[in-house]
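Beneath this line is the structure, given in structure tokens, with notes to follow.
Every chain is numbered from 1 and lettered A, B, ... according to where its sequence line falls, protein lines coming before strand lines. Note: hydrogens, waters and symmetry copies are ignored here, and every other heavy atom, side chains too, is used.
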Amino acid sequence: MSIKKIRTRFAPSPTGPLHMGGVRTALFCYLFAKKHGGDFLLRIEDTDQSRYVPGAEEYIVAALNWCGIQIDEGVSVGGKFEPYRQSERKEQGIYLKYAKEMIASGHAYYAFDTADELEDMRNRLIAAGNVAPQYNHETRKTMSNSLTLSAKEVDDKFAAGVPYVIRLKVPSGEEITFTDLIRGEVTVNSSLVDDKVLLKSDGMPTYHLAHIVDDVLMEISHAIRGEEWLPSAPAHILIYRFLGWEASMPQYAHLPLLLKPDGNGKLSKRDGDRLGFPVFPLDWQDPNTGEKSSGYRERGYYPEAFVNMLAFLGWNPGTEQELFTMEELIQHFSFEHVHKAGARFDPEKAKWFNEQYLRKQTAEALANGLQSVVKSKFNLGNDDIKISSDYLVKAVTLLKDRVQFESELIEKGSYLFQAPDVYDEQVLAKKWKPELASFFNALIENLSSLQVFNSVAVDATIKSTAATSGIKPGEIMQLLRVFVSGQGAGVDLIGMLELFGKNEVIDRLNKALKKVN
RNA sequence: GGCCCGUUCGUCUAGGGGUCUAGGACAUCUCCCUUUCACGGAGGAAACACGGGUUCGAUUCCCGUACGGGCUACCA
């Protein structure tokens, strides 16, 4: 027998924007598949019509694209197991067929209970002291289903068009064991598993049936999903068994969950709003409520940084390397290095990753990207020296190691593109003395007579002017900074002056002096 | 409540019987660099949840407890 081709799938339901935890699941699926030369598929599990959100599927595809997670097969790219949307597969009767097969073999049954009847059953059990009421091997005996009703009664219900579901007939008292790639052997007694609904009354399959049928039909080798599925995995094992598919059952891997940065519980959209970080890869606006959620992309994160950061939530390479390209992640990924416990998300570390990727950019590349933004933001003309690549490259060089996001280049460096109107009051209050005016006037004069206006000359001029005026450089350096930039702290002073050039420096000094006098 | 999974610095984690004086990164603190603030450099503080076993020896294996997380729907 030949070795089964590695095929993984990411199978989200289109109920809204893709959470970063979902992106991480997709990433791990992708990394594992690629590491082994396999395929990564995207399947849409839209079996809950009440929760369907238009645009969500497009969002998912766009998010994976942005991250550089390439879909080999599935929604948006097609493939030989089409369709890849479960609602469309349902139309073809795929799930019904297998549900009926299980009924025929005695492993599933029809249930006619109404919502009220189910509610009554639960209340009854709770009243009797059962804290976890379930529709299971015990309670099904008291309910309205093809196990308790006569064949005629069942036929009558069908004839009358009474709605029904198909439930899994879970045996009692059996130890169900399976091997999880991350957790090892997991065993659960089948008496604890409820008779899960396989097919809903609207004809749609539930996740339990649908993912199994599709995983087998699509020849999935590894089912990688969140830890929230671990408790229902035994039921899934049973379904494989009842369908005679144990041999083609994929290997399961249950990933640890992403936890809130603070407090208890898993990471949620609310945490992002509350703590001010994105929880989604891209911006999203809910078509029904109009509610907006912000994304990493729009917040200025590089997709490479986002992916790198996500990979380290629950996985590690076993070495001290932290910066990984997608190619390197693929090369090094393995389930042995996936941690078992949930990972608390740290927004600060996320920023750090972005900073690292920003550092890797050349000043030229950053300057290039900045040109049009600077032009429009500061209202500059086409021939303004400040949008020349020479000026921009120097400005970026001054700024680059001080920021974490490209947008900060402009926010934190605005004074490089525009003379200040306001000057740091605190510095002025502390350092400015009217008698310093003569020094600055002398400085302006000396600077204007410079033939070559570079950092060496400017530095020397400042020092010599100070010396002649009998002033210590410490008294005027920060003032000088405030006069030209408005701020008490910022990029290298002399480098900034050289960047500005003689005329700009003198203009700014004159403007500032007029203001403080 | 029941069931399942988990538990190494504040956080992400390495290490899986002796090499652990428990390593790295983020955050934090100190110093250096810088007449600024960052960056960078050096250094510091900071963890094996607890209790029992097993063993010559346990952070590492087993059990229990505590704590955390998840599940407990005709949602995924």
What's the gap between C26(B) and G68(B) when it is taken at their P atoms, as a whole Å value?
30 Å
Applying the Watson-Crick and G-U wobble criteria at under 3.5 Å, what pairs with C33(B)? Answer none if nothing qualifies.
none
Extract from the structure each pairing of a protein N or O with an N or O of nucleotides 5-8 of chain B at less than 3.5 Å, listing the distance.
{"from": "C5(B)", "atom 1": "O2'", "to": "Arg183(A)", "atom 2": "NH1", "distance (Å)": "2.4"}
{"from": "C5(B)", "atom 1": "O2'", "to": "Glu227(A)", "atom 2": "OE2", "distance (Å)": "3.1"}

Would a line drawn from the ring center of His211(A) to the ring center of His236(A) be shorter than 6.0 Å?
yes
From Ser146(A) OG over to Lys169(A) NZ, what is the distance, rounded to the nearest 0.5 angstrom?
9.0 Å
Rounded to whole Å, CG of Leu493(A) lies from P of A38(B) at a distance of 16 Å
Which part of the nucleic acid does Ala132(A) contact within heavy-atom distance under 4.0 Å: base, sugar-phosphate only, or nothing?
base
Nearest-Å distance, CG (Leu192(A)) to C1' (U72(B))?
10 Å
Considering Watson-Crick and G-U wobble pairs with both distances under 3.5 Å, what does A27(B) pair with?
none
If we take the C1' atom in both U28(B) and U11(B), what is their distance in whole Å?
12 Å
Interatomic distance, Leu238(A) atom CG to Ser232(A) atom OG [nearest 0.5 angstrom]:
12.0 Å
My understanding is that only residues two or more places apart in sequence, or in another chain, count here; which of them pass side chain to side chain donor-acceptor pair (under 3.5 Å) with Lys349(A)?
Glu322(A)
Can we call the ring centroids of Phe405(A) and Tyr357(A) under 6.0 Å apart?
no
C1' gap between A46(B) and G23(B), integer Å
14 Å
On a whole-Å scale, what distance lies between the C1' atoms belonging to G2(B) and C20(B)?
40 Å
Does a side chain donor of either Asp116(A) or Thr114(A) reach within less than 3.5 Å of an acceptor in the other side chain?
no
Atom CZ of Arg225(A) and atom C1' of G70(B) are separated, to the nearest Å, by 13 Å
Atom-pair distance (CG on Leu409(A); P on C39(B)), nearest Å
16 Å
So, using side chain to side chain donor-acceptor pair (under 3.5 Å) as the criterion, who are the partners of Gln478(A) when residues are at least two apart?
none
P atoms of C31(B) and C39(B), separation to the nearest Å:
15 Å
Reckon His337(A) touches a base, only the sugar-phosphate, or nothing at all at heavy-atom distances under 4.0 Å?
sugar-phosphate
What are the atom names and distances for every N/O pair under 3.5 Å that joins the protein to nucleotides 74-76 of chain B?
{"from": "C74(B)", "atom 1": "OP2", "to": "Arg167(A)", "atom 2": "NH2", "distance (Å)": "3.2"}
{"from": "C74(B)", "atom 1": "O2", "to": "Ser201(A)", "atom 2": "N", "distance (Å)": "2.7"}
{"from": "C74(B)", "atom 1": "O2", "to": "Ser201(A)", "atom 2": "OG", "distance (Å)": "2.8"}
{"from": "C74(B)", "atom 1": "N3", "to": "Ser201(A)", "atom 2": "OG", "distance (Å)": "3.0"}
{"from": "C74(B)", "atom 1": "N4", "to": "Asp113(A)", "atom 2": "O", "distance (Å)": "3.2"}
{"from": "C75(B)", "atom 1": "OP2", "to": "Lys200(A)", "atom 2": "NZ", "distance (Å)": "3.2"}
{"from": "C75(B)", "atom 1": "O2'", "to": "Asp48(A)", "atom 2": "OD2", "distance (Å)": "3.0"}
{"from": "C75(B)", "atom 1": "O2'", "to": "Arg51(A)", "atom 2": "NE", "distance (Å)": "3.3"}
{"from": "C75(B)", "atom 1": "O2'", "to": "Arg51(A)", "atom 2": "NH2", "distance (Å)": "3.1"}
{"from": "C75(B)", "atom 1": "O2", "to": "Arg51(A)", "atom 2": "NH2", "distance (Å)": "3.4"}
{"from": "A76(B)", "atom 1": "OP1", "to": "Thr47(A)", "atom 2": "OG1", "distance (Å)": "2.9"}
{"from": "A76(B)", "atom 1": "OP1", "to": "Lys200(A)", "atom 2": "NZ", "distance (Å)": "2.7"}
{"from": "A76(B)", "atom 1": "OP2", "to": "Tyr207(A)", "atom 2": "N", "distance (Å)": "3.4"}
{"from": "A76(B)", "atom 1": "O3'", "to": "Glu45(A)", "atom 2": "OE1", "distance (Å)": "3.4"}
{"from": "A76(B)", "atom 1": "O2'", "to": "Ser13(A)", "atom 2": "OG", "distance (Å)": "3.1"}

Can you check the Asp492(A) CG to C33(B) C1' distance for me, whole Å?
13 Å
Passing option when Asp214(A) is tested against Arg85(A), Lys90(A), Arg89(A) for salt bridge (Lys or Arg N to Asp or Glu O under 4.0 Å)
Arg89(A)
Taking the C1' atom in each of C29(B) and A45(B), what is the distance between them to the nearest angstrom?
7 Å
Ring-face cation contact, Phe277(A) with Arg299(A), 6.0 Å cut, 45° max
no
Hey, what's the ring geometry for Tyr207(A) with Trp229(A), parallel, tilted or perpendicular (30° and 60° as the breaks)?
parallel
Side chains of Ser293(A) and Lys269(A) only: does a donor on one sit below 3.5 Å from an acceptor on the other?
yes
If pairing means Watson-Crick or G-U wobble with both distances under 3.5 Å, then the partner of U19(B) is none
Taking only the P atom of each, what is the distance from C9(B) to U55(B) in whole angstrom?
30 Å
With heavy atoms under 4.0 Å as the rule, sort Gly226(A) into base, sugar-phosphate or nothing.
nothing
With a 3.5 Å limit on both atom pairs, tell me what A47(B) is paired to, counting Watson-Crick and G-U wobble, or say none.
none
Aromatic contact, Tyr423(A) with Trp432(A) (centres under 6.0 Å):
no
Rounded to whole Å, CZ of Arg344(A) lies from P of C9(B) at a distance of 11 Å
Validate the cation-pi geometry between Arg43(A) and Phe10(A): distance from NZ or CZ to the six-membered ring centre under 6.0 Å, angle to the ring axis within 45°.
no
Expressed as a whole number of angstroms, how long is the span from Ile462(A):CD1 to U36(B):P?
13 Å
Touch check for Val427(A), heavy atoms < 4.0 angstrom, all strands: base, sugar-phosphate only, or nothing?
nothing
Within the 6.0 Å centroid threshold, strictly below: Phe353(A) and Tyr301(A)
no
Could you list all N or O pairs between the protein and nucleotides 24-30 of chain B that sit under 3.5 Å apart?
{"from": "G24(B)", "atom 1": "O4'", "to": "Glu320(A)", "atom 2": "OE2", "distance (Å)": "3.2"}
{"from": "A25(B)", "atom 1": "O4'", "to": "Glu322(A)", "atom 2": "OE1", "distance (Å)": "3.0"}
{"from": "A25(B)", "atom 1": "O2'", "to": "Glu322(A)", "atom 2": "OE1", "distance (Å)": "2.6"}
{"from": "A25(B)", "atom 1": "O2'", "to": "Glu322(A)", "atom 2": "OE2", "distance (Å)": "3.4"}
{"from": "A25(B)", "atom 1": "O2'", "to": "Lys349(A)", "atom 2": "NZ", "distance (Å)": "2.7"}
{"from": "A25(B)", "atom 1": "N3", "to": "Lys349(A)", "atom 2": "NZ", "distance (Å)": "3.4"}
{"from": "C26(B)", "atom 1": "OP1", "to": "Trp352(A)", "atom 2": "NE1", "distance (Å)": "3.3"}

When the ring centroid of Trp284(A) is compared with that of Tyr59(A), is the distance short of 6.0 Å?
yes
note: Arg481(A), atom CZ; A38(B), atom C1'; distance rounded to Å ~ 10 Å
Selection: residues 255-271 of chain A, any non-hydrogen atom under 4.0 Å of RNA chain B
Leu257(A), Asn264(A), Gly265(A), Lys266(A)
Drop me the distance from Met496(A)'s CE to Leu416(A)'s CG, to the nearest 0.5 angstrom.
7.0 Å
Taking a pair to mean Watson-Crick or G-U wobble geometry with both distances below 3.5 Å, C3(B) pairs with G70(B)
When you compare C48(B) with U21(B), how far apart are their C1' atoms, in angstrom units rounded to a whole number?
15 Å
